[in-house]
Amino acid sequence: MSQKPALTLYLAAPRGFCAGVDRAIKIVEMALQKWGAPVYVRHEIVHNKFVVDSLKALGAVFVEELDDVPDDRPVIFSAHGVPKSVPAAAQARNMIWVDATCPLVSKVHIEAERHHENGLQMIMIGHAGHPETIGTMGQLPAGEVLLVETVADVARVEPRDPEKLAFITQTTLSVDDTVEIVAALRARFPAIIGPHKEDICYATTNRQAAVKAIAGQIDALLVIGAPNSSNSRRLVEVGSANGCAYSQLVQRATDIDWRALEGIRAVGITAGASAPEVLVNEVIDAFRARFDTTVELVETAQENVEFKVPRILRHAE
Ligand code: SF4
């Protein structure tokens with residue numbers, strides 16, 4: 001008979017890698033095959049240390065600015081997107097560059113440009129300083145995109161002309177918080193134009209819905225993801241907001257605070273869109289080592305989205 005205490009792990013699905021992250025990692029791997037090492041990557045290709053370290057081992061070099069890349073080596077722009085000035089600077093230096101911006105982020109860039117051409121100023125719902133926000137705001141001239149992070153910000157924002165406004169959003173926001181911010185925008189600026197709902201992507205939406213489905217059955221939620229991963233941090237918040245008082249972000253099994261889990265019998269596990277499944281398995285194994293563990297899969301949606309890599313790399317597929 002097992003001496004270990006019994007515990008049920010509720011494994012949320014979908015979780016982990018999304019199509020945009022999958023594509024971005026593939027782009028770096030294919031670029032290394034095509035051009036050899038080193039291939040430079042501007043910013044972490046996706047926000048996950050394990051992924052970044054694995055690519056470093058293959059010969060990728062991660063830098064924060066284009067100025068840190070020599071003219072004669074290829075450079076890849078991360079999945080979060082970049083301001084227009086970045087590819088323009090690469091072009092001016094005659095560099096080889098590959099854009100790994102997720103197509104769902106590019107879609108928001110195109111939306112912003114279209115509204116701008118129609119004479120509208122933009123309000124972006126997003127997190128200040130996040131690379132996706134910087135990249136999206138950088139699609140238009142300074143002052144054309146105003147950032148709001150909260151309902152309180154909506155009351156403070158001062159657009160040029162309240163009759164000529166559109167809104168866009170970061171793709172990895174909390175679905176529930178964003179509904180409130182959009183409602184506040186529509187209440188203050190009735191003429192504002194926006195997407196049907198918001199620009200939050202399918203992967204963010206599905207991962208948050210899966211956490212909501214398990215939140216009522218669990219005593220603790222562990223979200224496998226990085227502290228700088230927006231969608232992972234939102235999953236922690238969704239857990240807390242839906243009744244799971246102990247919701248924690250962990251990068252790997254070694255981050256788990258086992259003392260905080262003493263006496264707990266039901267734990268939810270999910271992973272942010274940039275966290276590989278190997279880290280989920282590592283966490284499950286750590287539970288198995290300490291508990292008589294039953295794993296229950298709770299699947300709320302199936303995903304079959306796939307994005308093509310840019311043409312410059314396709315022959316290497
Ligand atoms: S989280 Fe969404 S927007 Fe971001 S890379 Fe994944 S699919 Fe694209």
Do any side-chain atoms of residues 176-185 form donor-acceptor pairs under 3.5 angstrom with protein atoms, and if so which ones, sequence neighbours left out?
unit_1	atom_1	unit_2	atom_2	d
Asp176	OD1	Lys212	NZ	3.1
Asp176	OD2	Lys212	NZ	2.8
Thr178	OG1	Ser174	O	2.6

So which heavy atom on [X] is nearest to which on [Y], and how close?
X      : Y      : result
His80  : Ile45  : CE1-O, 3.9 Å
Thr205 : Cys201 : OG1-O, 2.9 Å
Pro38  : Pro74  : O-CD, 4.2 Å
His127 : Leu147 : C-CD2, 4.4 Å
Ala31  : Val39  : O-CG2, 3.7 Å
Gly194 : Phe167 : CA-CE2, 3.5 Å

Note: Lys34-Glu29 ion pair, threshold 4.0 Å (strictly below):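 Result for this pair is no, no salt bridge flagged.
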
NZ/NE/NH1/NH2 to OD/OE distance under 4.0 Å, Asp255 and Arg252: no

Residue pair Val295 / Ile284, side-chain heavy-atom distance below 4.5 Å: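 They are in side-chain contact.
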
Mutual orientation of the aromatic rings belonging to Phe291 and Trp258 [parallel < 30°, tilted 30-60°, perpendicular > 60°]: tilted

Measure from the side-chain N and O atoms of [X] to the backbone N and O of [Y], and report whether any donor-acceptor pair falls under 3.5 Å.
X      : Y      : result
Arg23  : Lys308 : yes
Ser85  : Gly138 : no
Glu296 : Thr8   : no
Thr169 : Asp199 : yes
Thr204 : Thr171 : yes
Gln251 : Ala226 : no
Ser247 : Cys244 : yes
Asn242 : Val238 : yes

Residues forming a ring-ring contact (aromatic ring centres under 6.0 Å, His included) with Phe77, sequence neighbours excluded: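 By the ring-ring contact (aromatic ring centres under 6.0 Å, His included) rule, Phe77 matches Trp97.
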
Donor-acceptor pairs under 3.5 Å, side chain of residues 54-64 to any protein atom, not counting sequence neighbours: which ones?
unit_1	atom_1	unit_2	atom_2	d
Ser54	OG	Phe50	O	2.6
Glu64	OE1	His43	ND1	2.9
Glu64	OE2	His43	ND1	3.3

Arg188: salt bridge (Lys or Arg N to Asp or Glu O under 4.0 Å) partners, not counting sequence neighbours: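 By the salt bridge (Lys or Arg N to Asp or Glu O under 4.0 Å) rule, Arg188 matches no residue at all.
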
Report whether [X] and [Y] are members of the same hydrophobic cluster (ILVMFWY, side-chain heavy atoms less than 4.5 Å apart, transitive linking).
X      : Y      : result
Val223 : Ile200 : no
Leu261 : Leu11  : yes
Leu120 : Met124 : no
Ile123 : Leu140 : no
Leu173 : Val108 : no

Full working for side chain to side chain contact (heavy atoms under 4.5 Å, CB included) between Gln170 and His130: CA-CA 9 Å; Gln170 199 178 322; His130 188 277; 3.6 Å; yes

Residue pairs fulfilling salt bridge (charged side-chain N to carboxylate O under 4.0 Å, His left out) with at least one residue in residues 218-243, sequence neighbours excluded: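 Checked against salt bridge (charged side-chain N to carboxylate O under 4.0 Å, His left out) - neighbours excluded - the pairs reaching residues 218-243 are Arg234-Glu237.
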
Side chain to side chain contact (heavy atoms under 4.5 Å, CB included) between Glu132 and Val105, intermediate numbers included: CA-CA 8 Å; Glu132 183 184 330; Val105 174; 4.0 Å; yes

Check against salt bridge (Lys or Arg N to Asp or Glu O under 4.0 Å), Arg15 and Glu303: CA-CA 10 Å; Arg15 64 176 177 280; Glu303 293 178 345; over 6 Å; no

Distance-only donor-acceptor hits, side chain of residues 269-276, under 3.5 Å, sequence neighbours excluded:
unit_1	atom_1	unit_2	atom_2	d
Ser274	OG	His47	O	3.3

Charged tip of Arg73 within 45° of Trp35 ring normal and under 6.0 Å: no

Met95 vs Val69, side chain to side chain contact (heavy atoms under 4.5 Å, CB included): CA-CA, chis, key distance, verdict: CA-CA 9 Å; Met95 299 170 87; Val69 183; 3.5 Å; yes

Chi angles and distances behind the side chain to side chain contact (heavy atoms under 4.5 Å, CB included) call for Val46, Ser78: CA-CA 7 Å; Val46 301; Ser78 79; over 6 Å; no

